[in-house]
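Worksheet: the structure to be examined is printed underneath.
Indexing begins at 1, ligand by ligand and atom by atom, following the structure's order.
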Amino acid sequence: MHEKISRKKRAVSALLAASFLFAAVFAFSACGGPDLTEEELAVNDDAVITLHGLGEEDIELSVADLKKLDSVTEKAEANRSNGEVVSVDATGPLLDTILEQYGAEKSDFNTIRFYAEDGYSIAMPSDIIENSDIIVSYYDGGAPITDENGPVRVVVTGQRAMYWVRMLTRIDFETGTSSAMTPSSLILLDSALPQLTEQNITVNGGQVQAVSTYDLISAYGDIDDNTIWNAYLKAADGLSKNETKQNFIKSYIRTSGEGAPEFTGPDLPEGMTVRDLVTIHYGDTAFLSLNRYLQSADEQSGKALFSDVLKEIGSMTSDVYLFTGSDGTEVQYTYDDIPQASVFLDSAGNAVFDPGNGDEAVTGLLSIEAVTREA
Ligand SMILES: Nc1nc2c(c(=O)[nH]1)N[C@H]1C(S)=C(S)[C@@H](COP(=O)(O)O)O[C@H]1N2
Ligand SMILES: [Mo]
């Protein structure tokens, strides 16, 4: 009798132990992601990313190297430009942790640019660098990141998916201050683009009409200026991008259809295009789409004060400005003499400068130049 009970007891406790073990294993695998062997977890260990700008020489970091650093695991979501949601459960070191190894920190840099295997690249501006967790992830959902997404993906919590660079190959750390935001001349794209040769280019299998940025800069900017490294693009929805000169110069501006003017090109990955361009800054030349600017800024009056246009393109401060029309007309005004000056599009779509003092307007306004710059 006694023996029987104790045998039963033993059976019960064995069952309890087994179910406890089962539950524990189940719970473990549920939070640890898929059950993968060491070998399966290590498939990408030899993949390498390059860090440029942290010292004299470039640094090569393998996935195996990344795994040796303290890591975080975060579930994150981001919006694609088309409204869809990208979600990940990312594991990897924070960019801060990587930088720490080299005695650097995020705030040392003005811009950090990420490059991918497929030609995609994006510059991250300093406000995003400062205010977000940047995870250099090697696992998604506890498993190595495959195909189009990996082996390494940048995940920037709370920021647009365009910063979540898949197939990461290289990170450039740039220290130079962002120059170029104080132009000395402004070109109106509304007048400039029609003067240049339109080309038929193929983008995503479709034909579009576009003007090459090389032609645009050759005609209105300084194509031979070797001190220019970047172009700055701003769109009607507030999106701003910093593009390498190299990528900028080999691309195009689509001139018609929805979303025009659009920065695009046959060789530009889809995610790098910028629709509804309002401004482009290239060296000390600024380009403005008056059409897009008026739509985004002040639909009611249909015109913009000259002083607001100056603000939009960055402080192009001067005592005197020269206004030039496509037909060669030139007028010059002292800033203080034209407080009511405005620009607008006439019914034929021509950009017009109205000095607002009773003088004749300039129709087909092509450029505005700062003649005497304030010291
Ligand atoms: N390598 C690479 N990464 C990229 C892109 C790309 O074209 N190539 N597109 C970016 C853009 S614009 C978006 S919206 C997201 C889309 O994320 P998904 O490809 O996971 O859907 O990836 C970003 N990362
Ligand atoms: Mo995107």
Side-chain angles (χ1 to χ4, degrees), residues 33 44 47-52 61 63 66 73-92 94-95 111-125 128-129 132-172 201-206 208 231-244 246-248 250-252 254 258-278:
N44 292 331
V48 166
I49 60 169
T50 302
L51 310 182
H52 175 81
L61 271 186
V63 167
L66 292 175
T73 296
E74 276 187 57
K75 283 201 166 74
E77 286 189 342
N79 291 315
R80 280 191 198 131
S81 21
N82 64 9
E84 290 170 349
V85 172
V86 185
S87 56
V88 296
D89 181 9
T91 301
L94 291 172
L95 189 61
T111 307
I112 303 181
R113 196 183 299 271
F114 298 86
Y115 294 85
E117 185 72 45
D118 61 347
Y120 185 83
S121 67
I122 193 161
M124 205 176 286
I128 294 183
I129 297 170
S132 322
D133 279 353
I134 302 168
I135 306 169
V136 180
S137 69
Y138 47 78
Y139 288 163
D140 182 11
I145 310 170
T146 51
D147 311 332
E148 311 278 84
N149 292 327
V152 177
R153 179 169 199 166
V154 179
V155 168
V156 193
T157 57
Q159 301 295 340
R160 296 182 189 227
M162 70 178 191
Y163 292 114
W164 294 27
V165 178
R166 307 183 267 104
M167 301 184 253
L168 181 73
T169 53
R170 176 186 168 105
I171 309 177
D172 275 9
I201 59 164
T202 307
V203 178
N204 286 322
V208 301
Y232 299 86
L233 312 173
K234 213 177 103 197
D237 65 353
L239 168 72
S240 65
K241 281 213 174 172
N242 162 337
E243 198 46 79
T244 57
Q246 199 187 353
N247 280 334
F248 179 72
K250 67 171 193 208
S251 300
Y252 294 80
R254 179 166 60 81
E258 214 206 313
E262 181 188 30
F263 177 67
T264 186
D267 303 323
L268 205 68
E270 201 183 344
M272 291 171 75
T273 63
V274 181
R275 295 164 70 89
D276 295 312
L277 279 173
V278 179

I need the minimum non-hydrogen distance between Ala76 and Thr157, along with the two atoms involved.
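Here Ala76 and Thr157 meet closest at CB-CG2, 4.2 Å.
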In terms of heavy-atom contacts, Ser121 and Asn247 come closest through OG-ND2, 3.6 Å
Taking only residues two or more places apart in sequence, or in another chain, which ones meet Thr73 in a side-chain hydrogen bond (donor to acceptor under 3.5 Å, both in side chains)?
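Per chain and number, Thr73 pairs via side-chain hydrogen bond (donor to acceptor under 3.5 Å, both in side chains) with Thr91.
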Determine whether the aromatic ring centres of Phe248 and Phe263 lie less than 6.0 Å apart.
yes
Please tabulate, one line per pair, the protein N or O atoms found under 3.5 Å from any N or O atom of ligand 1, giving the distance to one decimal.
from	atom 1	to	atom 2	distance (Å)
ligand 1	1 (N)	Asp118	OD1	3.1
ligand 1	1 (N)	Asp118	OD2	3.4
ligand 1	1 (N)	Arg166	O	2.8
ligand 1	3 (N)	Arg166	N	3.0
ligand 1	8 (N)	Asp118	OD2	2.7
ligand 1	17 (O)	Arg153	NH2	3.1
ligand 1	19 (O)	Arg166	NE	2.8
ligand 1	20 (O)	Arg153	NH1	2.8
ligand 1	20 (O)	Arg153	NH2	3.3
ligand 1	21 (O)	Arg80	NE	2.4
ligand 1	21 (O)	Arg80	NH2	2.3
ligand 1	22 (O)	Arg153	NH2	3.4
ligand 1	24 (N)	Trp164	O	3.0

Where the side chain of Tyr120 meets the backbone of Met162, is there a donor-acceptor pair that is under 3.5 Å apart?
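Answer holds: yes.
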Hey, is the main chain of Glu148 close enough, under 3.5 Å, to the side chain of Arg166 for a donor-acceptor pair?
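Yes; judged by distance alone, with no hydrogens or angles, the pair exists.
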